[in-house]
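Proteins get letters first, then strands, A, B, ... in listed order; numbering begins at 1 in each.
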There are 2 protein chains.
Amino acid sequence: MPGKLGPTPVEIELNAVIVAVRDNEPCILIDPAMALPSGPFETGHRTLEQGLRDWAEAKGGQRLGYVEQLYTFADKDRTTGHSRMVSIGYLALLRAAVLSADAVWSPWYHHLPWEDYRDDVPRITSKIIFPGLSEWKNASADPLVRRTRSQRVEIAFPKDKRLWNEELVLQRYELLWEAGLVAEAQPKKETAALGLPMAHDHRRILATAIARLRAKIKYRPVVFELMSDTFTLLQLQNTVEALAGLRLHKQNFRRLVNAQGLVEETGAYAAVTAGRPAKLFAFRRKVLMERAVAGTKLSRTS
Amino acid sequence: MPGKLGPTPVEIELNAVIVAVRDNEPCILIDPAMALPSGPFETGHRTLEQGLRDWAEAKGGQRLGYVEQLYTFADKDRTTGHSRMVSIGYLALLRAAVLSADAVWSPWYHHLPWEDYRDDVPRITSKIIFPGLSEWKNASADPLVRRTRSQRVEIAFPKDKRLWNEELVLQRYELLWEAGLVAEAQPKKETAALGLPMAHDHRRILATAIARLRAKIKYRPVVFELMSDTFTLLQLQNTVEALAGLRLHKQNFRRLVNAQGLVEETGAYAAVTAGRPAKLFAFRRKVLMERAVAGTKLSRTS
DNA sequence: GGCATTAATGCTCAAAAGGAGCATAATATG
DNA sequence: CATATTATGCTCCTTTTGAGCATTAATGCC
C-alpha cells in the first residue's frame with residue numbers, strides 16, 4: 001500500500017457506560033466534566049474485561065455485575081499528542097450504588113430526551129426535531145440527497161408514533177449530529193441544544209449502549225441484573241419500560257414473563273403502597289443454564 | 001489501584017474474517033500459514049473500518065462489501081516483544097473473488113466440522129465429541145462442576161438434534177477448547193484433532209464471526225451481500241442453509257422471503273439444470289431504506 | 001360499614017405468524 | 001410416453017401476539 005507509515009503508536013482507553021435504574025429512571029455514571037468513567041488499560045491485566053472490572057471496582061467501590069463490550073472506536077480526531085487514542089466502549093449493569101465523591105448518577109434521558117416515549121411523544125420532537133430535520137433535509141440542492149435524508153428521518157423519527165422503533169438510538173443520534181442539532185456536532189447551529197451534552201463523543205457511546213441494551217432485553221434476561229433480589233412484577237415491568245422508553249401492556253408482559261419461566265414466587269408480598277398487595281418474585285437463575293435462548297426465525301425442516 | 005504501571009504500549013492489529021460462498025460452501029480467506037488476513041492499523045486512516053477496507057483492497061484486490069466489527073481481544077498471551085497486541089476482529093462479506101497469490105479460500109466447515117448439520121448430525125459428534133466431552137465432564141471430582149459441565153454440554157451439543165441451536169458456535173468452540181479436544185487448547189489431549197486448526201486464536205475469531213453471521217441473517221438482509229445480482233430462490237436458500245448449517249423448509253422459506261418483500265422478479269429465468277426452470281430474482285435494495293427491521297418482542301400498549 | 005380508588009391477576013377472543021405437507025406445473029431424460 | 005427433478009401455489013393446524021373485559025384484594029374517606 002502506498003504511503004505506508006508503519007504501526008501507529010496507540011494508547012488504549014476503556015470507556016464504560018455504567019447503568020443503574022433508580023426510581024424508574026435509567027441512570028449512567030458520569031463525572032462532573034460530563035465524561036463517562038474511563039481509564040487506561042494497564043499492563044497487569046489479563047484481559048480487557050478484567051481491566052475494566054478492576055478499575056471500576058477500585059474507582060467506584062462497586063463490583064460490576066453484567067459487563068459487555070460495545071465497540072472499539074479509533075477515529076482520527078481521537079488523538080493525544082502524537083499517539084493515537086483507541087477507545088473501547090463497555091456496557092455494565094449495576095444494582096445498588098454507593099458512589100465515590102467525583103461521580104454522579106445522571107438520568108440518561110437528560111442526555112437523550114427524545115428517546116423517552118413512556119409518556120407519549122416528547123415535546124421537543126415536534127417542536128425542535130421535526131422542524132430541524134426538515135430544514136436540514138431541504139438544505140441540500142441534490143434531490144437524491146433530499147430523498148435519502150427524508151427516508152432516514154422517516155425511519156428514525158416516524159410521524160406515526162406506532163412506527164417508533166426504540167432500538168434505533170444510534171441512528172437517531174447520528175442523524176441529529178449530522179443535522180447539527182446536538183451541541184457536539186461540527187457544523188452546529190446556534191440553536192443546537194437538544195439534550196444535555198457530554199464530553200468528547202461520549203454521548204455517541206451512550207447511544208450505542210442504550211441501543212444494545214434495548215435490543216438485548218428482548219432475548220436475554222439481563223434486566224434482572226438491575227433488579228434487587230426480590231421484586232414485584234410491576235417493578236420489573238417499570239424497569240423494562242424505563243430502559244425501552246415505552247409503555248407495555250401489563251397483562252401480556254406478565255404472560256410473557258411467566259411463559260418464559262423467568263421468575264418464581266417467593267411466597268412473600270410487597271409492603272403495600274396502594275391497591276391489592278403484589279407477590280414478590282425472584283429471578284430463576286437456573287434459566288441462565290437451562291436455556292441459551294436465541295431467536296429462531298428460520299423455518300427448518302424436521 | 002495497587003501495582004499501577006501506567007498506559008501500556010500497544011499495537012493494533014486488524015483481523016478479518018472475509019467470507020464468500022462458493023458451491024454452497026461458506027469459505028474464508030486464509031493464508032498458507034492458516035492465519036486470517038491481518039494487518040496493522042496505519043496512521044493514515046480516518047477510522048478503523050476504513051483502515052480495514054483500504055488494506056483488504058490493496059491486498060486482495062477486492063472491494064469489501066459488508067463490513068462489521070466483531071470483537072476486540074487483548075489477552076495477555078497476545079504479546080509481541082514488550083508491547084501488547086490488541087486485535088480487533090472484523091467480519092466482511094464478499095461476492096466474487098479473484099485472489100492474490102498468497103491467499104486461499106478455505107471452507108469454514110473444514111475448521112469447525114461439527115457445525116454443519118445440513119446432512120444430519122456430523123459423524124464426529126457421536127464418535128468423538130460426545131465421548132470426549134463426557135470424559136471431560138467426569139474428570140472433575142467436584143459434583144457441582146460436573147453438573148455445570150453437564151448442562152453446558154447439553155445446551156451446546158444436545159442429544160436431541162431438534163434442540164440444536166446453530167447460533168452457539170462460540171460456546172461450542174470454547175467447550176471443546178476447555179475439554180482439550182481442539183489442537184489449540186492448552187492442556188490438550190493427544191487425540192485433539194477436531195477440525196483443521198488455525199494460527200493463534202484465529203479459529204476462535206472465526207467462531208465468533210460465524211455466530212454473529214448466523215444470528216444476523218435472521219433479522220437483517222445480509223445474505224444478499226453474498227449473492228450475485230440475480231439468483232433463484234433455491235440459490236438463495238442454499239446460501240442461507242450453508243451459513244446456518246441447517247436445512248430449511250422450502251415452501252416456508254419462500255413464503256418468508258416474499259412476505260418480507262426482500263426480492264422482486266426480474267422476468268428472466270435461470271439457465272436450466274434440471275426440472276422446471278426457476279425465476280430469477282433480484283434483491284430489492286429499497287428495503288434497506290424502507291425498513292430498519294428490528295425484532296420486536298415487547299408487547300407495547302397502543 | 002359502604003363506596004370509590006388503586007393495583008394485581010385471571011381469562012377470553014381474534015389476528016398474525018410459524019410449521020408441515022399435499023398438489024400441480026414445467027422442464028429434461030431415457 | 002413414463003420417470004425424475006425442481007419450482008410454485010395453497011391448505012390446515014398450532015403457537016404466538018395483541019387487546020381488553022372481569023374479578024380480586026387492599027387502602028382511604030364518608
Next on the checklist: Just to verify, which of A:Arg212, A:Lys218, A:Arg214 counts as forming a salt bridge (charged side-chain N to carboxylate O under 4.0 Å, His left out) with A:Glu167?
Outcome noted: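 In the set A:Arg212, A:Lys218, A:Arg214, the residue that makes a salt bridge (charged side-chain N to carboxylate O under 4.0 Å, His left out) with A:Glu167 is A:Lys218.
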
To the nearest angstrom, how far is [X] atom [atom1] from [N] atom [atom2]?
X: B:Asn252; N: D:dG9; atom1: CG; atom2: C1'; answer: 13 Å
X: A:Gln260; N: D:dT17; atom1: CD; atom2: C1'; answer: 13 Å
X: A:Asn258; N: C:dT9; atom1: CG; atom2: P; answer: 10 Å
X: B:Lys218; N: C:dG18; atom1: NZ; atom2: P; answer: 12 Å
X: B:Leu248; N: D:dT8; atom1: CG; atom2: P; answer: 17 Å
X: A:Leu256; N: D:dA19; atom1: CG; atom2: P; answer: 15 Å
X: B:Arg276; N: D:dT6; atom1: CZ; atom2: C1'; answer: 9 Å
X: A:Phe253; N: D:dA19; atom1: CZ; atom2: P; answer: 16 Å

Looking at the side chain of [X], which of [options] is the nearest nucleotide?
X: B:Gln251; options: D:dG9, C:dT9, C:dA25; value: D:dG9
X: B:Lys279; options: D:dA19, D:dT8, C:dA7; value: D:dT8
X: B:Ala278; options: D:dT8, D:dA19, D:dA25; value: D:dT8
X: B:Leu234; options: D:dT6, D:dT8, C:dG19; value: D:dT6

Item to check | Distance test, side-chain N/O of B:Arg254 to OP1/OP2 of D:dT8, below 4.0 Å | outcome: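 Answer yes for this pair, as a side-chain N or O of B:Arg254 is under 4.0 Å from OP1 or OP2.
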
Checklist entry - Between A:Ser299 and C:dG18, is there a side-chain N or O to OP1/OP2 distance below 4.0 Å? => result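 So the side-chain polar atoms of A:Ser299 never come under 4.0 Å of the phosphate oxygens OP1 or OP2 of C:dG18.
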
Checklist entry - So which one's nearest nucleotide on DNA chain D is more toward 5', B:Gly275 or B:Leu233? => result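 The residue mapped nearer the 5' terminus is B:Gly275.
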
Taking [Y]'s backbone N and O only, do any of them form a donor-acceptor pair with [X]'s side chain (distance below 3.5 Å, no angle check)?
X: B:Arg204; Y: B:Glu174; result: no
X: B:Thr239; Y: B:Gln235; result: yes
X: B:His111; Y: B:Gly195; result: no
X: A:Arg300; Y: B:Arg247; result: no

Next on the checklist: Please compare A:Phe281 and A:Arg255 by the position of their nearest nucleotide in DNA chain C and report the one closer to 5'.
Outcome noted: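 It is A:Phe281, whose closest nucleotide lies nearer the 5' terminus.
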
Next on the checklist: Expected output is a numbered-order residue list: members of residues 237-245 of chain A with a heavy atom under 4.0 Å from any atom of DNA chain D. What is it?
Outcome noted: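 Heavy-atom cutoff 4.0 Å gives no residues at all.
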
Checklist entry - Counting any heavy atom closer than 4.0 Å, what does B:Lys250 reach on the DNA or RNA strands: base, sugar-phosphate only, or nothing? => result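 Since a base atom lies under 4.0 Å of B:Lys250, the category is base.
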
Next on the checklist: Before you tell me yes or no, could you show the steps for A:Tyr173 and A:Gln171 under side chain to side chain donor-acceptor pair (under 3.5 Å), namely the whole-Å CA-CA distance, both residues' side-chain angles and the distance that decides it to 0.1 Å?
Outcome noted: CA-CA 6 Å; A:Tyr173 181 74; A:Gln171 285 92 320; over 6 Å; no

Checklist entry - Side-chain donor or acceptor of A:His249 under 3.5 Å from a matching atom on the base of D:dG20? => result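 Side chain to base: pair present.
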
Next on the checklist: Which label fits A:Phe231 and A:Phe224: parallel for a plane angle under 30°, tilted from 30 to 60°, or perpendicular past 60°?
Outcome noted: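 Plane angle between 30° and 60°, so tilted.
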
Checklist entry - Can you say whether the rings of B:Tyr117 and B:Trp164 are parallel (under 30°), tilted (30 to 60°) or perpendicular (over 60°)? => result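 Parallel, since the angle between the ring planes stays under 30°.
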
